[in-house]
Amino acid sequence: MTTNSPSAHGSQPWLHQKGEVIQEFGTVKQFPVALSYEARMYSCQRMNKVLADTQILYGLYKKHHWLMRGATFYQLHLVLDKHAGEQLEIIDTLAERVQSLGGVAVGDPRHVAEITSIPRPPDGVEEVPAMLSRLLEAHETILVDAHDAAARTAEYGDDGTIDLLVSQVIRTGERQAWFLAEHLVDTPLVRA
């Protein structure tokens, strides 16, 4: 007997399903994490801003990794890819922190574009120093926001968010900015 009923075989996926939004972006649900509603709401808002900017930074790293040119191509190609991987880990950690506080992490790239304060780069290829400068500016934007967010979340007693911002976002960002900035230094020619 042949039938087209999904329940007849049990392995047919139920395609094209739609669902209701069960938690709106910008809200937090109660979790037993010993933080007030206000603390969790504030931390989620700040973390989502850092998360959006970090997702853009990750995208810039991948773009510039692919488009790298010149005598230092190989070294920069590798370091930009390494930095992108480290930023991807931070993205996941930030999103999980928002979720663990009862919030909703920003994830859709179109929503990220609405929230970020990092300027959009040209669609084409820039010169190498311009690409590195663009990455440094994005890092600085994130670092300024992360320092401020860490200081302000301290007022709410949110040690977990402070730890994440300082130990991962800030420390990784400072180290990566250092590596990039050193590629923009003029080195004197050695004369014999």
Side-chain angles (χ1 to χ4, degrees), residues 43 45-98 105-154 158-192:
S43 291
Q45 289 169 345
R46 294 304 300 265
M47 298 284 275
N48 267 322
K49 177 66 172 70
V50 174
L51 175 58
D53 287 343
T54 303
Q55 289 181 65
I56 296 298
L57 177 60
Y58 167 76
L60 287 174
Y61 264 117
K62 289 308 284 188
K63 176 183 180 179
H64 298 332
H65 156 80
W66 297 321
L67 302 179
M68 198 43 54
R69 305 271 200 279
T72 59
F73 164 81
Y74 185 70
Q75 295 88 345
L76 284 171
H77 182 76
L78 293 179
V79 79
L80 296 184
D81 200 37
K82 179 181 184 294
H83 285 190
E86 292 168 351
Q87 289 299 320
L88 191 57
E89 289 179 23
I90 291 172
I91 288 167
D92 194 50
T93 304
L94 287 166
E96 288 175 354
R97 179 68 186 165
V98 171
V106 60
D108 186 288
R110 295 161 293 193
H111 192 188
V112 167
E114 294 170 1
I115 295 174
T116 189
S117 55
I118 296 175
R120 181 179 174 164
D123 291 334
V125 180
E126 295 178 284
E127 295 174 345
V128 171
M131 287 190 275
L132 296 178
S133 291
R134 186 172 298 284
L135 289 167
L136 283 169
E137 290 165 10
H139 270 295
E140 188 168 32
T141 297
I142 292 167
L143 288 167
V144 165
D145 195 32
H147 280 289
D148 184 66
R152 293 185 184 269
T153 54
D158 185 355
D159 298 325
T161 296
I162 296 165
D163 178 59
L164 169 64
L165 290 168
V166 172
S167 68
Q168 295 188 42
V169 176
I170 293 171
R171 287 194 181 134
T172 301
E174 288 174 345
R175 182 181 44 78
Q176 289 182 348
W178 168 47
F179 274 53
L180 295 175
E182 290 300 331
H183 282 278
L184 294 174
V185 174
D186 282 333
T187 54
L189 296 174
V190 177
R191 298 179 191 214

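- Judged as a ring pair (Phe, Tyr, Trp, His ring centres under 6.0 Å), the pairs with a partner in residues 113-147 (not counting sequence neighbours) are, in order, Tyr61-His139.
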Apply the test side chain to side chain contact (heavy atoms under 4.5 Å, CB included) to residues Gln87 and Thr172: give CA-CA distance (whole Å), side-chain angles for both, the deciding distance (0.1 Å), then the verdict. CA-CA 8 Å; Gln87 289 299 320; Thr172 301; 4.1 Å; yes
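- For the residue pair Ala150 and Val166, the shortest heavy atom distance occurs at CB-CG2, 4.2 Å.
- Of the possible donor and acceptor atoms, one in the side chain of Thr153 sits under 3.5 Å from a partner among the backbone N and O of Ala149.
- At a threshold of 4.5 Å between non-hydrogen side-chain atoms, the residues Lys62 and Asp81 count as touching.
- With a 4.5 Å cut-off on side-chain heavy atoms, Asp53 and Val50 do not count as touching.
- The CG atom of Leu76 sits 4.5 Å away from the NE2 atom of His183 when rounded to the nearest 0.5 Å.
- Looking only at side-chain heavy atoms (C-beta outward), Met131 and Leu60 stay at 4.5 Å or farther from each other.
- Taking 4.5 Å as the limit, every side-chain heavy atom of Leu135 sits out of range of all side-chain heavy atoms of His83.
- With rounding to the nearest 0.5 angstrom, the CG atom of Leu94 is 9.5 Å from the OG1 atom of Thr161.
- Scanning both residues, Ala52 and Ile115, for their nearest heavy atoms gives CB-CG2, 3.7 Å.
- Under the 4.5 Å side-chain criterion, counting only non-hydrogen atoms from C-beta, Arg69 is not in contact with Glu127.
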Side chain to side chain contact (heavy atoms under 4.5 Å, CB included) between Gln176 and Val79, intermediate numbers included: CA-CA 9 Å; Gln176 289 182 348; Val79 79; over 6 Å; no
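- The minimum heavy-atom distance between Val98 and Ala105, with the atom names listed, is CG1-N, 3.6 Å.
- Residues meeting the salt bridge (Lys or Arg N to Asp or Glu O under 4.0 Å) test with Glu174, sequence neighbours left out: none.
- Residues Leu80 and Leu180 meet the side-chain proximity criterion, which asks for heavy atoms closer than 4.5 Å.
- Within the 4.5 Å cutoff, side-chain heavy atoms of Ile118 are placed close to those of Ile142.
- Salt bridge present: Arg97 and Asp158 bring a charged side-chain N and a carboxylate O closer than 4.0 Å.
- Taking CD of Glu137 as the reference point, atom CG of Leu132 lies at 11.0 Å (rounded to 0.5 Å).
- Put simply, CG on Asn48 and NE2 on His111 are 7.5 Å apart, with the number rounded to the nearest 0.5 Å.
- Contact detail for Pro119 and Arg134: the closest heavy-atom pair is O-NH1, 4.3 Å.
- Residues Asp148 and Arg46 have side chains in contact (heavy-atom distance under 4.5 Å, counting atoms from C-beta outward).
- Once rounded to the nearest 0.5 Å, the distance linking CG of Leu67 with CZ of Phe73 reads 10.0 Å.
- When all heavy atoms of Ala113 and Thr116 are compared, the pair lying nearest together is O-CG2, 3.7 Å.
- The nearest pair of heavy atoms linking Ser117 to Lys49 is OG-NZ, 2.7 Å.
- More than 12 heavy atoms of other residues, nucleotides or ligands sit less than 6.0 Å from atom CD of Gln75.
- Of the charged side-chain nitrogens involved, at least one lies within less than 4.0 Å of a carboxylate oxygen, so that Lys82 and Glu86 count as a salt-bridged pair.
- Put simply, CG on Leu57 and CG on Leu88 are 11.5 Å apart, with the number rounded to the nearest 0.5 Å.
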